[in-house]
Amino acid sequence: MAKKRIGILTGGGDVPGLNSVIKTVTYRSSEDNIEVMGLRRGWEALTHVNLDDAESRRRYLMPLDRENTRTIDRRGGTVLDLSKQVMANLSTLGIEHLIAIGGDDTLGYAAKLSELGVKVIAIPKTMDNDVHNTEYCIGFSTAITRASDAIQRQRTTVASHERIGIFRVFGRDAGFTALYTAYTTSVRCVVPEYKINLDKLIRLLIEEKRANPSNYALVVLSEGAEWEGYQVREYGEADAYGHRKKASVADSLAEEIKQRTGEETMTSDLTYDLRSGDPDFVDKLVGLTFGNMAYDAMLDGKTGLMSALVDGRYDLVPIPDPALGPRKLDVATMYNTERYRPMYANKRGLPVFLQRVS
């Protein structure tokens, strides 16, 4: 009797904690005599692989076992890096169940495959933390830890030059990464969910700088942050989901401050630095747990579900409807639109990550 085989697919960028998911699923599969096939380069593996070509198989397929996943959870990154073709390739590969790991784009397609009858279990993974139906996505905690550490280290440099420090972090459509970084470092932030008034932001930063004995001020920007009248500039070719890279809003803000006030700034793009290195405790814990939950769901024959945190508890929830798009910050309860800072009051009774699922 042929062995049962499952596939693990990761989409989007690498995040710390991702390899913990891959390892735990592989280890538990080996105990149950189930083969695991790693599908590299996201959904491209199932649309472009030529199963009759050895080079194509090497490019897109990576059999996973205890030996080649033994130490992967000790580092960051990912070791794996349409519909009719996808269905055909899944069938030819003998993959009976697929575990899809990614953000709203990757999981949106997973939801469509589930509707077509493919057995799919999803795991949310994005530093933007913007997947619906869960309060947490793998990679988010490490991103905040890294960003907070970088800002605290760079305070002395910004202060010694007596400048305004501008930090850019992830968040194309949602401001979770910027707001939670600002929350833990007690600085101002600008998020995509709310278009700020530029004159007001600059005034607040200048006032803060002059009131500071060290004569500096800091602000954190989501990559998708905007102000009234600002035109987002994009460049490069669109990715598989139609997204082009956004020009740095931090550089644009620095130019505006210089032109309007003559004040010198110091910009720091933290985005890709947040991806590198080892996951922190939270991402290891959640990654391992999400992976085990997905594996248990697969053994039970479940499909169309996603590992999640809901009200601070682990649960299985429906894979989000792609039509919903990214999850957004609740500006009314999370963002002070007068001071351009996180809201710190009225947190009693909230789950650990402060905003319930939506």
Please examine the side chains of [Y] and [X], heavy atoms only from C-beta on, and report whether any two atoms are closer than 4.5 Å.
{"X": "Arg260", "Y": "Ile202", "result": "yes"}
{"X": "Leu51", "Y": "Leu93", "result": "yes"}
{"X": "Asn133", "Y": "Val357", "result": "no"}
{"X": "Phe353", "Y": "Asn129", "result": "no"}
{"X": "Thr271", "Y": "Arg168", "result": "yes"}
{"X": "Leu350", "Y": "Gln355", "result": "no"}
{"X": "Val191", "Y": "Leu221", "result": "no"}
{"X": "Met334", "Y": "Leu179", "result": "yes"}

Item to check | For Tyr216, the option from Glu162, Arg155, His161 that meets side-chain contact (heavy atoms from CB on, under 4.5 Å) | outcome: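 Option passing the side-chain contact (heavy atoms from CB on, under 4.5 Å) with Tyr216: Arg155.
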Item to check | Chi angles and distances behind the ring-ring contact (aromatic ring centres under 6.0 Å, His included) call for Tyr344, Tyr183 | outcome: CA-CA 8 Å; Tyr344 291 95; Tyr183 192 101; 4.6 Å; yes
Next on the checklist: Distance alone, cut at 3.5 Å: any donor-acceptor contact between the side chains of Tyr335 and Asp330?
Outcome noted: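 Checked: Tyr335/Asp330 side chains show no N/O donor-acceptor pair below 3.5 Å.
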Checklist entry - When you look at Glu135 and Arg356, which way does the salt bridge (Lys or Arg N to Asp or Glu O under 4.0 Å) test go after all the steps? => result CA-CA 6 Å; Glu135 292 157 8; Arg356 290 192 167 89; 5.6 Å; no
Checklist entry - Counting only heavy atoms not in Lys119, do more than 12 fall under 6.0 Å of its NZ? => result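 Not buried by this count: 12 neighbours or fewer within 6.0 Å.
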Checklist entry - Are Lys200 and Tyr340 in a cation-pi contact, defined as NZ or CZ under 6.0 Å from the six-membered ring centre and within 45° of the axis? => result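 Geometry flag: set, cation within 6.0 Å and 45°.
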Item to check | cation_pi(Lys23, Tyr27) dist<6.0 Å, angle<=45 | outcome: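 Judged by the rule (NZ or CZ under 6.0 Å from the ring centre, within 45° of its axis), Lys23 counts as positioned above Tyr27.
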Checklist entry - Does one hydrophobic cluster hold both Tyr314 and Val25, with members joined at side-chain heavy-atom distances below 4.5 Å? => result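 Result: yes, single cluster for both.
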Checklist entry - With sequence neighbours left out, what residues match Arg58 under salt bridge (Lys or Arg N to Asp or Glu O under 4.0 Å)? => result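 Partners of Arg58 under the salt bridge (Lys or Arg N to Asp or Glu O under 4.0 Å) test: Glu55.
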Checklist entry - Taking Ser56 for the side chain and Asn50 for the main chain, is one N or O donor matched with an acceptor at less than 3.5 Å? => result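 Such a contact is found between Ser56 side chain and Asn50 backbone.
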Item to check | Check: Phe290 ring centroid to Tyr136 ring centroid under 6.0 Å | outcome: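 Not under 6.0 Å, so no.
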Checklist entry - Looking at residues at least two apart in the chain, or sitting in another chain, which of them share a side chain to side chain donor-acceptor pair (under 3.5 Å) with Glu255? => result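 So Glu255 forms no side chain to side chain donor-acceptor pair (under 3.5 Å) with any residue.
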Next on the checklist: Before you tell me yes or no, could you show the steps for Arg172 and Glu223 under salt bridge (Lys or Arg N to Asp or Glu O under 4.0 Å), namely the whole-Å CA-CA distance, both residues' side-chain angles and the distance that decides it to 0.1 Å?
Outcome noted: CA-CA 5 Å; Arg172 169 182 289 275; Glu223 60 182 320; 5.3 Å; no
